[in-house]
2 protein chains.
Amino acid sequence: MSTNASNKKRRVTQADVARRAGVSTAVVSATLNPNSATGVRVSQDTAKRVRAVMRELGYTPNPIAQSLARGKRNILGVFTYESVFPSERGNFFYPMLRGIEMQVSGAGYDLLLFTSAQTAEAPRQIFAGGSNRLGVADGAILLGQEPDSSELERLADEGFPFVTVGRRHSGRVELNWAAAGYAEATSEIVSHGHELGHRRIAYVGGATIREQQQDREAGFRSAMHRLGLDQGPDCCWHIDPETLDAACLESILSRRVTLILAETLKHAERLEDLLRDKGMYVPQDMSIAVLGTPLEDTKSILRWTRFEAPREEMGREAVRLLLAQLDGRLNGPAQTTLPCKFIPGDTLRPVTDGH
Amino acid sequence: MSTNASNKKRRVTQADVARRAGVSTAVVSATLNPNSATGVRVSQDTAKRVRAVMRELGYTPNPIAQSLARGKRNILGVFTYESVFPSERGNFFYPMLRGIEMQVSGAGYDLLLFTSAQTAEAPRQIFAGGSNRLGVADGAILLGQEPDSSELERLADEGFPFVTVGRRHSGRVELNWAAAGYAEATSEIVSHGHELGHRRIAYVGGATIREQQQDREAGFRSAMHRLGLDQGPDCCWHIDPETLDAACLESILSRRVTLILAETLKHAERLEDLLRDKGMYVPQDMSIAVLGTPLEDTKSILRWTRFEAPREEMGREAVRLLLAQLDGRLNGPAQTTLPCKFIPGDTLRPVTDGH
DNA sequence: CTCGTTTGATAATGCGCTTAATCAGGGAGA
DNA sequence: TCTCCCTGATTAAGCGCATTATCAAACGAG
C-alpha cells in the first residue's frame, strides 16, 4: 500500500515523456495542446505513441509551469475583506458566490479564494507585505466593503483586471462594477408611496455615506423632485441607529411626515421603538419602508416593505464583465446596474384621512 | 483617467528593478524574502535602496513564477463533484467551507475552488482531459461523494497530497480523511434506546452502501452485540425510501420492534407514513431515530431524535491534516474521527408497558 | 531534373523567479 | 606576512512548459 503522504519522488515531467517516447519536448507539448496554432506539427502515429507514454508514466502537466509559459492562468480571484464564509453575517455572500460559481463554471476558470493575507491581528489586505497576492489570478472579483479605497486605485494602477460587486467610485481611476440599482429602487418606492397618497416623505440614513447610501439618497431626491414633493434640503437625516433618539424623531415628526424611508432595518426598528413610546404604531400611524436587506439573515425583516438586491445576478454579471475584460472584448470601463426586487411587505399603507 | 482594462504594457519584472538599482536579480529576490536561508546576503543600505526602486517602479512579484521556482504554491485546492455553492441542497457544504477557511486563513494559504472541470453535459472530474487540474494547488480537500472512487486512487498514486472530508476506503491505497464518528454516534443511540427500555431494535438503511452507511451499521451491530441484543443477521433492512412499502414494514413489525434507526430522514418519514396507514403513531406506538442530518436544509428534521455531524470541525480538521502532510510533519496516513452531536428530539421515547 | 511547398520534427529561447555555487575584499588571529 | 573566515555581493543553473525559428525529408508541379 502506498500512501499519498509527502512523496518526494520527482514529478514526471514533459522531458521524461519526451525521452521515453523518443521525441522532443516540443512534440509532447504539441500533442497536449493540439489546437494551439503553433508551428510544431505532430503526425497521428507519433501523437498516439506519445499519449501512450503519458499514460504509462502517469504524466500530468504542471499547471504552474503552463501558466508561466503561457502568461495565462485560468484562475479568477475572489477577494473579500471579511471572511468569505461568515457565520455572524449569515450567508450574505452566499448568493453572490453561487452566482459567481455558476457563471465561471464552464468558462474554463477556477476560483481562487484569497484567505491568506490575513492574520489574527491585521485585517485582510490586497497588498500584504507589498506584494499583490491577487496576481496569481488572471483577474479578480472584489466582494464586500473595503476599509480603504486606495487599495482599489493601486490595483487599477497596476493594470490588474478586476470587478467589484457593488458600485465603487474613484476620482482618479475608472472602476468596473456590477451593482444593484439602489437609486432606481428607492425612487420606485417613493413613487409607490406617492400613489398611496404620501406627500411628506423623510429619508433616514446612517452617518457614514458610501456609494450605496449615496445612490439611495440620490434616488430619493430625484423622485421627490420629479413628483414635485421637494421639501427643501432638510428632509434627509443622517444618523446611525444607535444614536437615533426621541429628539431626532421629534424633528422628523414636526415636518408632518407620513412615510419614512429607513436605510437599514436597524433604522426602521429603532424608529418603530421610538414611535411606540409616543403611542404611535407602524403602519397605522406611520408608514416605513426599508431600503434594502440586512446583511445578516433575520426573520424580522419579513414584515417590512422593502427591496432586495439581486445578489446572485450581481455575482454572475461581475464574472461576465471580468471575462469580457480578459478576452479583450471590452476596452472602456464596464459598469452594470441591475434592478432590485420590490417586496410589498406590510409597513407601507395608504395615507388615512386622519393623518 | 486610466482604465484597468487589458493593459498590455509589460509587467515590471525583477530584472527591471535590479537594473535600475544597479544590483543583480538575486539581490532583489533576497531583499524580497529576507528570512529564506539562502546564500545571498544583502546589506541594510542596499536593501533600502532596492525597496525604494520597487516602490518607484510599482514592482510586484509574479506569484506564478515564484511558485514555479520554489516548487511551492501556497494554494490549497477544494474540490467538489457537485456545485460548491448548491442551491437545492441548501448549504450543506457551507459549514465545512467555513471550517476550512477558518483553519486555512492565517496559515498563509489561499483556497482554490475547482469549478472549471465541468461542462453542461459532463460532470466534474479531477482528471479532465487526462490532466490533473488539482496540480495548481499544493494539496487538496475533497468534499462530497465522488461518483467514481478510482479517481481517488489515481490521485494517491500520483503522490498528490489530499484529504477527504468523510471516511473513504480503498483496498489499494491508504487514504487520508477527517470523518464523522457515525459508528460511535449510532452505537450511542442504541445505548440510549436500551436505557429507555428498548430491546428489539431495527436498522433501516438505503440500498447503496458507502463508507458512511457501513459505519452506521457497524456501530449498530457492535452496540447490539455489546448489549446482548443480538437478533441474528436479519435485523437490518437495506432498501431505498422510495421502494420501502407496507410489506417491508410488516416484516419489520413482525419482529416486534419498538425502535427503528432510520438511516436518513426520508426513511424515517416514509416509515412514519406507512405506520400511520396502520393507525400507529410516532413516538407513541413506535420510536424512530434518524442517523444523521439531511443534506438539504429542512425544518422537518427538527422534531426527530438524531445526531449531527460536526461539519465545521471536519473542515478544520481536514485542513490541519493536509497542512501537516505538506509540512512533512506526517508520514503515515492521517485519519481523524470526530464525534457527532446527539440531538434529543421528540421521536425516541421510553418503551411503554402496552408495547 | 530542379525548385517551391508541405509535412513532421528538433533546438533553443524565454516566462519571472529562487538558489546553489562562486567570488572579491576586508579584518582578525597566528 | 599569510591564512582563515565573514560579509556582501554576482553568476548561472534551473523550475516545467510553450513557442519561435530552423531544418530535413518527401512530394508535386513545371
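All values below come from the heavy atoms of this structure, side chains included, with hydrogens, waters and symmetry mates left out. Throughout, a chain's letter reflects where its sequence line sits, starting with A, and its residues are numbered from 1.
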**Student:** Using the C1' atoms of five pairs at each end, what's the angle between the two axes of the helix from C/dC1-D/dG30 to C/dA30-D/dT1, to 10 degrees?
**Tutor:**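 Angle reported: 60°, given to the nearest ten degrees.
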
**Student:** Are B/Q66 and C/dG16 close enough that a side-chain N or O sits under 4.0 Å from OP1 or OP2?
**Tutor:**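 Result: no.
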
**Student:** Check side chain to side chain donor-acceptor pair (under 3.5 Å) between A/R168 and all other residues, then give those that pass, not counting sequence neighbours.
**Tutor:**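 Only A/E146 meet the side chain to side chain donor-acceptor pair (under 3.5 Å) criterion with A/R168.
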
**Student:** Check whether any side-chain heavy atom of B/L142 lies under 4.5 Å from a side-chain heavy atom of B/E151, and answer yes or no.
**Tutor:**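 They are not in contact (no side-chain heavy atoms under 4.5 Å apart), so the answer is no.
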
**Student:** Whole Å only: how far is the CZ atom of B/R73 from the P atom of C/dC17?
**Tutor:**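 Going from B/R73 (CZ) to C/dC17 (P), I get 17 Å.
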
**Student:** What is the separation between atom CZ on B/R70 and atom P on D/dG14, rounded to the nearest whole Å?
**Tutor:**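 After rounding, the reported distance stands at 20 Å.
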
**Student:** Go through the structure and list residues passing side chain to side chain donor-acceptor pair (under 3.5 Å) with B/T46, not counting sequence neighbours.
**Tutor:**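 Here the qualifying residues are B/S43.
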
**Student:** Once side chain to side chain donor-acceptor pair (under 3.5 Å) is applied, do any residues pair with B/R320, and if so which ones, sequence neighbours excluded?
**Tutor:**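 With sequence neighbours excluded, B/R320 shows a side chain to side chain donor-acceptor pair (under 3.5 Å) to B/E313, B/E317, given in chain and number order.
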
**Student:** In whole angstrom, what separates A/K72's NZ from C/dC15's C1'?
**Tutor:**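 Between C1' of C/dC15 and NZ of A/K72: 16 Å.
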
**Student:** Would you check if there is a donor-acceptor pair between the side chains of B/E312 and B/Y94 at a distance under 3.5 Å?
**Tutor:**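 The answer is no; no qualifying pair exists.
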
**Student:** Check this for me, if you would: do A/D110 and A/R73 make a salt bridge, where the nitrogen-to-carboxylate-oxygen distance has to be below 4.0 angstrom?
**Tutor:**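 The answer is no: the pair does not qualify as a salt bridge.
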
**Student:** Report yes or no: does A/S67 contribute a side-chain atom to a donor-acceptor pair with the main-chain N or O of A/P63 at less than 3.5 Å?
**Tutor:**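 Yes: the side chain of A/S67 pairs with the backbone of A/P63.
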
**Student:** From CE of A/M54 over to P of D/dC17, roughly how many Å is that when rounded to an integer?
**Tutor:**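 Those two atoms, CE and P, are 11 Å apart.
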
**Student:** Do B/D16 side-chain atoms and B/T13 backbone N/O form a donor-acceptor pair below 3.5 Å?
**Tutor:**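 Yes.
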
**Student:** So does B/T13 get a side-chain nitrogen or oxygen closer than 4.0 Å to the phosphate oxygens (OP1/OP2) of C/dC17?
**Tutor:**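 Checking B/T13 against C/dC17: at least one side-chain N or O falls below 4.0 Å of OP1 or OP2.
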
**Student:** List every contact pair, protein side and nucleotides 23-27 of chain D side both N or O, where the distance is under 3.5 Å.
**Tutor:**
none

**Student:** Only one of A/V27, A/T31, A/V53, A/T25 clears side chain to side chain contact (heavy atoms under 4.5 Å, CB included) with A/V17; which?
**Tutor:**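 Of the listed residues A/V27, A/T31, A/V53, A/T25, the side chain to side chain contact (heavy atoms under 4.5 Å, CB included) partner of A/V17 is A/V53.
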
**Student:** Tabulated below should be each protein N or O lying under 3.5 Å from an N or O of nucleotides 9-11 of chain C; please produce it.
**Tutor:**
from: C/dA9; atom 1: OP1; to: A/T46; atom 2: OG1; distance (Å): 2.5
from: C/dA9; atom 1: OP2; to: A/S43; atom 2: N; distance (Å): 2.7
from: C/dA9; atom 1: OP2; to: A/S43; atom 2: OG; distance (Å): 3.1
from: C/dA9; atom 1: OP2; to: A/T46; atom 2: OG1; distance (Å): 3.0
from: C/dT10; atom 1: OP1; to: A/S24; atom 2: N; distance (Å): 3.4
from: C/dT10; atom 1: OP2; to: A/S24; atom 2: N; distance (Å): 2.9
from: C/dT10; atom 1: OP2; to: A/S24; atom 2: OG; distance (Å): 2.8

**Student:** Tell me: CG of A/D45 to P of C/dG8, nearest whole Å?
**Tutor:**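 These atoms are roughly 9 Å apart.
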
**Student:** Does OP1 or OP2 of C/dC15 have a side-chain N or O of B/N62 closer than 4.0 Å?
**Tutor:**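 No, outside the criterion.
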
**Student:** More than 12 heavy atoms of other residues, nucleotides or ligands under 6.0 Å from CZ of A/R20: yes or no?
**Tutor:**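 Result for CZ/A/R20: open.
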
**Student:** Counting only heavy atoms not in B/K72 (residues, nucleotides, ligands), do more than 12 fall under 6.0 Å from its NZ?
**Tutor:**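 Yes, enclosed.
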
**Student:** Nearest whole Å is fine: how far is C/dC17 C1' from B/L32 CG?
**Tutor:**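 My rounded result for the distance is 10 Å.
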
**Student:** A/Q14 side chain N/O closer than 4.0 Å to the phosphate oxygens (OP1, OP2) of D/dA18?
**Tutor:**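 The answer is yes; a side-chain N or O of A/Q14 sits under 4.0 Å from OP1 or OP2.
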
**Student:** Over how many whole Å does the gap from B/L68 atom CG to D/dG16 atom P extend?
**Tutor:**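 Between P of D/dG16 and CG of B/L68: 7 Å.
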
